[in-house]
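Report on the structure given below.
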Amino acid sequence: YHAHSDTPTSILPLEKNHTLLLYPNPVSDILFIDKIQESILQIEIRNILGREMHLPINNQSIDVSSLPSGLYFIKIKTDKGESFGKFVKE
């Protein structure tokens with residue numbers, strides 16, 4: 001049995017008074033992006049070797065179900081700047 005929580009576990013500053021929340025983390029299928037007011041221009045996801053992963057991306061969620069288990073790094077570019085984070089795929 002594996003319990004999941006929708007409690008945000010990655011908080012990344014985008015701009016003063018703006019934060020980006022990624023949840024759930026660890027994730028098995030859909031990674032949600034919450035609390036973002038800026039328009040997302042680009043999202044990059046890379047594995048620990050630096051290889052870019054190409055995934056279906058909605059403006060507020062990313063389908064990571066096809067990724068192998070492991071640690072991934074995410075870069076989100078908005079009209080206000082870039083923000084970086086990481087998540088674990090189960």
Side-chain angles (χ1 to χ4, degrees):
Y1 178 73
H2 222 53
H4 287 294
S5 169
D6 284 343
T7 303
T9 55
S10 295
I11 300 175
L12 311 168
L14 273 178
E15 187 186 26
K16 194 182 268 187
N17 300 325
H18 293 359
T19 57
L20 172 68
L21 304 176
L22 301 174
Y23 65 91
N25 195 359
V27 60
S28 59
D29 50 13
I30 304 294
L31 181 67
F32 292 95
I33 304 165
D34 199 13
K35 305 294 185 199
I36 185 167
Q37 273 68 43
E38 296 86 8
S39 295
I40 295 174
L41 304 175
Q42 181 182 10
I43 297 176
E44 286 181 22
I45 296 173
R46 297 186 181 272
N47 66 13
I48 60 172
L49 301 175
R51 184 171 154 238
E52 188 170 355
M53 307 284 106
H54 298 281
L55 300 169
I57 296 172
N58 177 326
N59 201 35
Q60 298 295 318
S61 64
I62 305 167
D63 182 352
V64 298
S65 60
S66 64
L67 291 177
S69 297
L71 178 64
Y72 292 88
F73 300 93
I74 185 169
K75 177 170 84 170
I76 298 178
K77 186 176 184 179
T78 71
D79 51 356
K80 303 287 186 186
E82 294 180 340
S83 192
F84 302 87
K86 60 186 172 186
F87 65 91
V88 174
K89 166 62 169 66
E90 293 182 326

**Request:** For residues 52-72, pull every pair meeting ring-ring contact (aromatic ring centres under 6.0 Å, His included), keeping only residues two or more places apart or in separate chains.
**Result:** Y72-F87
**Message:** Applying side chain to side chain contact (heavy atoms under 4.5 Å, CB included), can you list everything that pairs with I57, at least two apart in sequence or on another chain?
**Reply:** I43, I62
**Considering all heavy atoms, the nearest I30-P24 contact** = O-CD, 3.6 Å
**Message:** Nearest 0.5 angstrom please: S83 OG to I74 CD1, how far?
**Reply:** 9.0 Å
**Prompt:** In the single-linkage hydrophobic clustering (I, L, V, M, F, W, Y; side-chain heavy atoms under 4.5 Å), do I48 and M53 co-cluster?
**Reply:** no
**Request:** Provide the closest heavy-atom pair for K89 versus S28 in the form atom of the first, atom of the second, distance.
**Result:** CE-O, 3.2 Å
**Prompt:** What pairs of residues pass the salt bridge (charged side-chain N to carboxylate O under 4.0 Å, His left out) test when at least one of them lies in residues 47-66, not counting sequence neighbours?
**Reply:** R46-E52
**Gap between atom CG of L67 and atom CG of D29 - 0.5 Å precision** = 11.5 Å
**Request:** Under the salt bridge (charged side-chain N to carboxylate O under 4.0 Å, His left out) rule, collect the residues that match up with K75, sequence neighbours excluded.
**Result:** E44, E82
**Request:** Applying side chain to side chain contact (heavy atoms under 4.5 Å, CB included), name anything that partners S66, two or more places apart in sequence or on another chain.
**Result:** L55
**Message:** What I'd like to find out is whether the side chain of L22 reaches to under 4.5 Å of the side chain of I33, using heavy atoms alone.
**Reply:** yes
**Item:** Any donor-acceptor pair under 3.5 Å from N58 side chain to F32 backbone
**Value:** no
**Asked** Who passes side chain to side chain contact (heavy atoms under 4.5 Å, CB included) against L49, sequence neighbours left out?
**Response** N47
**Message:** Closer than 3.5 angstrom, by distance alone: can the side chain of T78 be matched with the main-chain N or O of I40 as a donor-acceptor pair?
**Reply:** no
